[in-house]
Amino acid sequence: MSENPHRAGEQPGLSRKRFITAVGLGALAAPAVAGAASRAGAASAAPADAPLACTPGRTTVAQTEGPYFKPNSPERDDLTAGVSGTRLVVSGHVFDRACRPLSRVLMDFWQADNSGNYDNVRFTLRGHLFTGADGSYRLTTIVPGLYPGRTRHIHVKLQAPGQSRILTTQLYFPGEPRNNTDTIFDPSLLMNVRTAGGVREGTFDFVLDVAGTPTTSPSPSTPPGGTWRAGTAYAAGDRVAYGGATYRCLQAHTAQTGWEPPNVPSLWQRA
């Protein structure tokens, strides 16, 4: 069965209660996710060692759910039990529109196996997890196989705290021949992928269409023993001290409250 590229990927009418039930969280106070509009696109993936970027105001593209989503997935960050294939670790961060990390974002993943088949009876290669306090996530799975009409891809739904809409989208692999013929494929959803020690590693940062709440941190007006200041224009390569550590600027920007170096790994890297 092929996936319908015209089916709405973003589901603004899906209630918080229905989505919590769908992933099997019962009475847990789960987060909710906004739909996405557009993310900075590229014809090919950036180098695997390039820093991931979050551009304020640019949100991740929504895509079709397809016919194979199944509710009530188990909570787990490793989907490899009982399957064969090339091991793949996908990691990154989830940000709000202002590039602040979002914690406790619910991420529900599903994909085809090494032969291009989905398990619609059990929960093989299906599961959900939550982002950490710094907005980070890490999923261990396998490289999905191919099936007619589609390039390699991984499905994901995201739901962030305090929201009522859901982002449904897909992640893609660079250098796949079928990327050019798949009518659903969007280059802005390409992961950065590299091979290390026989394991493939993919990275992707999601930006949700929500205002978000800054991660709790010391007041930016009085950094603890640091030189970082809100309102300062920083250039790539600039170094600052913050919280007893030194950070190197990854991309030019004007600092804002909530963008302190520990909170935005897309802008600052610990030196």
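The basis for the numbers below is simple: all heavy atoms, side chains too, and nothing from hydrogens, waters or symmetry mates.
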Is any side-chain heavy atom of [Y] closer than 4.5 Å to one of [X]?
{"X": "Met107", "Y": "Val94", "answer": "yes"}
{"X": "Ile142", "Y": "Thr86", "answer": "no"}
{"X": "Arg150", "Y": "Ile184", "answer": "yes"}
{"X": "Gln63", "Y": "Asp186", "answer": "yes"}
{"X": "Asp113", "Y": "Asp119", "answer": "no"}
{"X": "Asn192", "Y": "Phe204", "answer": "no"}

Residue pair [X] / [Y]: nearest heavy atoms and the distance that separates them:
{"X": "Val193", "Y": "Pro174", "result": "CG2-CD, 3.6 Å"}
{"X": "Pro261", "Y": "Val240", "result": "CG-CG2, 4.0 Å"}
{"X": "His153", "Y": "Thr151", "result": "ND1-O, 2.8 Å"}
{"X": "Leu79", "Y": "Arg76", "result": "CD2-NE, 3.7 Å"}
{"X": "Ala112", "Y": "Gly116", "result": "CB-C, 3.7 Å"}
{"X": "Pro56", "Y": "Cys99", "result": "N-SG, 3.5 Å"}

Looking at Arg178 and Asp182, is there a salt bridge between them, counting it only when a charged N and a carboxylate O are closer than 4.0 Å?
no
So, are Asp209 and Arg97 salt-bridged, with charged N and O less than 4.0 Å apart?
yes
Rounded to the nearest 0.5 Å, how far does NZ of Lys70 lie from CZ of Phe123?
4.0 Å
Residue that, paired with Lys157, satisfies side chain to side chain donor-acceptor pair (under 3.5 Å) out of Thr168, Asp108, Thr169
Thr168
State which residue, out of Arg87, Arg200, Gln111, fulfils the side chain to side chain donor-acceptor pair (under 3.5 Å) condition with Thr141.
Gln111
Would a distance-only check, ignoring hydrogens and angles, find a side-chain to backbone donor-acceptor pair under 3.5 Å from [X] to [Y]?
{"X": "Asp96", "Y": "Val210", "answer": "no"}
{"X": "Thr227", "Y": "Ala241", "answer": "yes"}
{"X": "Asn179", "Y": "Phe173", "answer": "yes"}
{"X": "Thr131", "Y": "Tyr137", "answer": "no"}

Show, in sequence, the C-alpha distance, side-chain angles and deciding distance for Thr59 and Leu208, and conclude whether the side chain to side chain contact (heavy atoms under 4.5 Å, CB included) test is met.
CA-CA 5 Å; Thr59 52; Leu208 302 183; over 6 Å; no
Stepwise, does the ring pair (Phe, Tyr, Trp, His ring centres under 6.0 Å) test hold for Phe95 with Phe206?
CA-CA 6 Å; Phe95 298 104; Phe206 296 89; over 10 Å; no
ILVMFWY cluster, Val89 and Met191 together (side-chain gap under 4.5 Å):
no
Cluster question for you: counting only ILVMFWY and a side-chain heavy-atom cut-off of under 4.5 Å, with indirect links fine, are Leu146 and Val83 together?
no
Any chance you could lay out the side chain to side chain contact (heavy atoms under 4.5 Å, CB included) test for Phe109 and Leu129, step after step, and finish with the verdict?
CA-CA 9 Å; Phe109 294 91; Leu129 54 83; 4.0 Å; yes
Run the side chain to side chain contact (heavy atoms under 4.5 Å, CB included) check on Ile154 and Tyr172 step by step: do they pass?
CA-CA 7 Å; Ile154 297 174; Tyr172 297 98; over 6 Å; no
How far apart are the C-alpha atoms of Ser84 and Asn114, what are their side-chain angles, what is the distance that settles it, and do they pass the side chain to side chain donor-acceptor pair (under 3.5 Å) test?
CA-CA 7 Å; Ser84 61; Asn114 192 44; 4.7 Å; no
Modelled atom types, side-chain donor and acceptor of Ser73 and His128, under 3.5 Å:
yes
Given Ser115 and Asn117, is the side chain to side chain donor-acceptor pair (under 3.5 Å) satisfied, shown in steps?
CA-CA 6 Å; Ser115 299; Asn117 299 312; 4.7 Å; no
Answer yes if the ring centres of Tyr118 and Tyr147 are under 6.0 angstrom apart, and no otherwise.
yes
Verify the ring-centre separation between Tyr68 and Trp110: is it less than 6.0 angstrom?
no
